[in-house]
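Residue numbers count from 1 along this sequence. Remember, it's 1-based here, ligands and their atoms both numbered in the order they're listed.
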Amino acid sequence: MDRIRIGGGRRLEGIIPISGAKNAALPLMIASILSRETLTLHNVPRLSDVRLLMRILGNHGVDAAISGKRIGQSEESGETITLSARDIVDTTAPYELVSRMRASFWVVAPLLARMGEARVSLPGGCAIGTRPVDLLLMALEKLGAQIEIDAGYVVAKAPRGLRGGEIDFPKVTVGGTHIALMAASLARGTTVIKNAAREPEVADLADCLIKMGARIEGAGTSEIVIDGVSRLDGAHHHVLPDRIETGTYAMAVAMTGGNVLLEGARRDLLSSAFDVLEKAGVTVLEEKNGVRIIREGTPLLPVDVTTEPFPGFPTDLQAQFMALMTRANGDSMVHETIFENRFMHVQELARLGARISLDGDKAFIKGNSRLTGAPVMATDLRASVSLVIAGLAAEGDTLVNRVYHLDRGFEALEKKLGRCGADIERISGEK
Ligand code: EPZ
């Protein structure tokens, strides 16, 4: 298995191109099931999760192809993927695939909306919390689906098609909002989604569905209204920039000090985290081509954060921020309100010298910690990248194991950081 070695202590300077968002690309790819026509997605990140989802969609009969590079495209330009679901050949999503990527459970919605049936494995356990799918199933039931659980599978049926309804989520759920949007787009009549997730990735999915012919209003707000249509067409859509990758590299620069342009990044997708970084003494400048992050000699100040649904501070940046706060010149606190078990990185950060104590859903971080390199590993991709950030500031070498987690969500991580002066390399499994 590959590992990443990081020699700490180098400042970062240069340009980091931001890739298309993983968490937008995945639901967009799944939406291709809704139409017989071709959906072309541009700026898709090169990630193992994208490759795996292509295989999963292929099982259902979706022809997925990666187009060749166009003239002038650099390695980081993102890929163009075409997805054609002319004929759905199988409405079952098996355990072996769904258990490898939770988001693939979302195929239940377009399969049900288009074919009137779906048999999709329950995703099973997860490293960051229990992550039930009760609200997703509730949403489909509100649209007239009959749902049963059979031998670990969700069996959803709507023999006469889905019909519009009111879905009032008791808790904000990104996946729940994605599947409600997809299902309601092909349901008969009007659907109102209340307490909808306002994440930019939800609005991006809605934008794409609208290009395919869906009638959706209010995406990006907490109430979305969808008038169902009988069929959807093909479309071309450009995946929006990855705000979590953006925030991760912003924290890396804050950690080491330096001056880096995050090319293609948008401040409006990540205002809360940029506000927090400014409070921590980091300079955040909006420029024509992206967002520039600067910290030159100024101390890092401690800031407390609470994770919240968008537009609040994202849970997907919590681990990275915690790593950063170990080097602040005072103590801080992180309150995780989205997932109940998302502190698995704490013990690994401790191996690098971090002093963090846990009390339920709160982590208390001692600042001014001296970090020293060590071998570490993590259980999910955001936790893994928090170890990379800590390694960039640690004395000596840090070896991050289980790099496959990073490959799920960070495109060309070691190249992007290496080009800005980080001492970082991938060591392939054989060595
Ligand atoms: C999405 O997961 C993201 N995944 C996650 O990113 C992200 O952390 C999360 O949203 C929150 O922002 C993708 O987009 C592929 P939720 P999702 O439904 O949709 C509870 C990453 O690292 N809940 O918004 O699965 C749930 O347990 C990943 O890229 C129910 O109780 O998250 C959680 O506490 C990790 N019942 C809360 O809602 C349900 O039926 C929010 O989860 C569904 C969710």
Side-chain angles (χ1 to χ4, degrees), residues 19-31 45 47-50 52-53 56 98 100-109 120 122-142 147 149 154 167-182 193 195-205 222 239-240 242-248 269-270 272-273 306-320 336-342 344-345 361 378-386 405-411:
S19 297
K22 167 182 86 81
N23 287 351
L26 300 180
L28 287 165
M29 291 169 70
I30 290 173
L47 298 172
S48 59
D49 267 11
V50 167
L52 179 58
L53 185 58
I56 295 174
V98 180
R100 289 178 61 191
M101 191 196 349
R102 297 187 62 83
S104 65
F105 179 79
W106 300 341
V107 298
V108 68
V120 178
L122 285 163
C126 176
I128 61 175
T130 49
R131 303 187 76 183
V133 292
D134 55 328
L135 300 177
L136 279 64
L137 301 183
M138 176 278 280
L140 296 176
E141 279 176 338
K142 293 283 184 199
I147 309 250
I149 307 293
V154 169
I167 303 167
D168 191 353
F169 286 114
K171 183 175 192 179
V172 174
T173 154
V174 174
T177 310
H178 281 319
I179 70 146
L181 271 175
M182 289 191 244
I193 308 176
N195 199 25
R198 289 181 281 164
E199 269 64 4
E201 294 76 21
V202 167
D204 204 39
L205 173 64
S222 49
V239 179
L240 91 173
D242 196 316
R243 65 195 166 98
I244 304 303
E245 192 197 25
T246 302
T248 300
L269 301 179
L270 199 62
S272 59
T306 298
T307 63
E308 281 165 353
F310 191 84
F313 189 93
T315 172
D316 290 346
L317 283 176
Q318 177 255 101
Q320 298 89 314
E336 169 62 51
T337 72
I338 309 291
F339 293 111
E340 74 271 21
N341 190 26
R342 209 172 194 180
M344 304 294 274
H345 43 282
D361 54 8
T379 41
D380 83 274
L381 76 150
R382 311 306 177 187
S384 293
V385 86
S386 77
H405 285 303
L406 291 169
D407 293 336
R408 290 186 51 203
F410 290 92
E411 181 174 0

Checklist line | Closest to atom 1 (C) of ligand 1 (judged by heavy-atom distance), picking from Val174, Val202, Thr337, Thr307 | finding: Val174
Check: Does Thr173 approach ligand 1 within less than 4.0 angstrom via side chain, backbone, both or neither, non-hydrogen atoms only?
Finding: both
Next item on the list: Please work out whether any backbone atom (N, CA, C, O) or any side-chain heavy atom from C-beta onward of Arg342 is under 4.0 Å from ligand 1, and answer side chain, backbone, both or neither.
Entry: side chain
Check: Does the Ser386 side chain pair with the main chain of Gln320, one donor and one acceptor, at a distance under 3.5 Å?
Finding: no
Notebook entry, point to check: Which option, Pro132, Gly176, Ala21, owns the non-hydrogen atom nearest atom 44 (C) of ligand 1?
Noted result: Pro132
Note to self: Counting only nitrogen or oxygen atoms and a 3.5 angstrom limit, does Phe339 reach ligand 1?
What the structure shows: no
Check: Just checking, is any N or O donor in the side chain of His345 or Gln318 under 3.5 Å from an acceptor N or O on the other one?
Finding: yes
Check: Between Lys22 and ligand 1, which residue portion shows a heavy-atom distance shorter than 4.0 Å: side chain, backbone, both, or neither?
Finding: side chain
Next item on the list: Tell me which protein heavy atom sits closest to atom 40 (O) of ligand 1, plus the residue, atom name and distance to 0.1 Å.
Entry: Leu135 N, 2.7 Å
Checklist line | Thr337 and Glu308 side chains, donor-acceptor separation under 3.5 Å | finding: no
Item checked: Which residue and heavy atom of the protein sit nearest atom 15 (C) of ligand 1, plus the separation -> Asn23 OD1, 3.3 Å
Note to self: Donor-acceptor check, side chain of Arg102 to backbone of Arg131, threshold 3.5 angstrom: yes or no?
What the structure shows: yes
Notebook entry, point to check: What protein heavy atom is closest to atom 20 (C) of ligand 1, reported as residue, atom name and distance in Å?
Noted result: Lys171 NZ, 3.8 Å
Margin query: Which residue and atom name correspond to the protein heavy atom nearest atom 29 (O) of ligand 1, and how close is it?
Written below: Arg382 NH2, 2.7 Å
Notebook entry, point to check: Side chain of Glu245, backbone of Ser19: donor and acceptor closer than 3.5 Å?
Noted result: yes
Next item on the list: Apply the side chain to side chain contact (heavy atoms under 4.5 Å, CB included) test between Lys22 and each candidate in Asp316, Val239, Ile244, Leu381; give the one that qualifies.
Entry: Leu381
Next item on the list: Answer yes if the side chains of Arg198 and Ser222 hold a donor-acceptor pair under 3.5 Å, and no otherwise.
Entry: no
Margin query: So if I count the atoms of ligand 1 from 1 in the order they appear, which ones are less than 4.0 Å from some heavy atom of Gly175?
Written below: 18 (O), 19 (O)
Next item on the list: Classify the contact between Thr315 and ligand 1 as side chain, backbone, both or neither, using a heavy-atom distance cut-off of under 4.0 Å.
Entry: side chain
Item checked: N or O contact, Arg131 vs ligand 1, cut-off under 3.5 Å -> yes
Notebook entry, point to check: Given side chains that start at C-beta, do those of Ile179 and Phe105 come closer than 4.5 Å, heavy atoms only?
Noted result: no
Check: Does the Glu141 side chain pair with the main chain of Leu136, one donor and one acceptor, at a distance under 3.5 Å?
Finding: no
Note to self: With heavy-atom distances below 4.0 Å as the criterion, list the atoms of ligand 1 near Val172.
What the structure shows: 41 (C)
Check: Given Asp380, Ile179, Val133, Asp134, which has its nearest heavy atom closest to atom 36 (N) of ligand 1?
Finding: Asp134
Next item on the list: With heavy atoms of Trp106 as the reference, note each atom of ligand 1 found under 4.0 Å away.
Entry: 13 (C), 14 (O), 15 (C), 19 (O)
Checklist line | Best match, Ile338, Ile244, Asp316: closest heavy atom to atom 28 (C) of ligand 1 | finding: Asp316
Notebook entry, point to check: Mind checking whether Asp407 and Leu47 have side chains closer than 4.5 Å, heavy atoms only?
Noted result: no
Checklist line | ligand 1 to Leu381 polar contact by distance, N or O atoms, under 3.5 Å | finding: no
Checklist line | Note, Trp106 side chain near Met29 side chain (heavy atom, < 4.5 Å) | finding: no
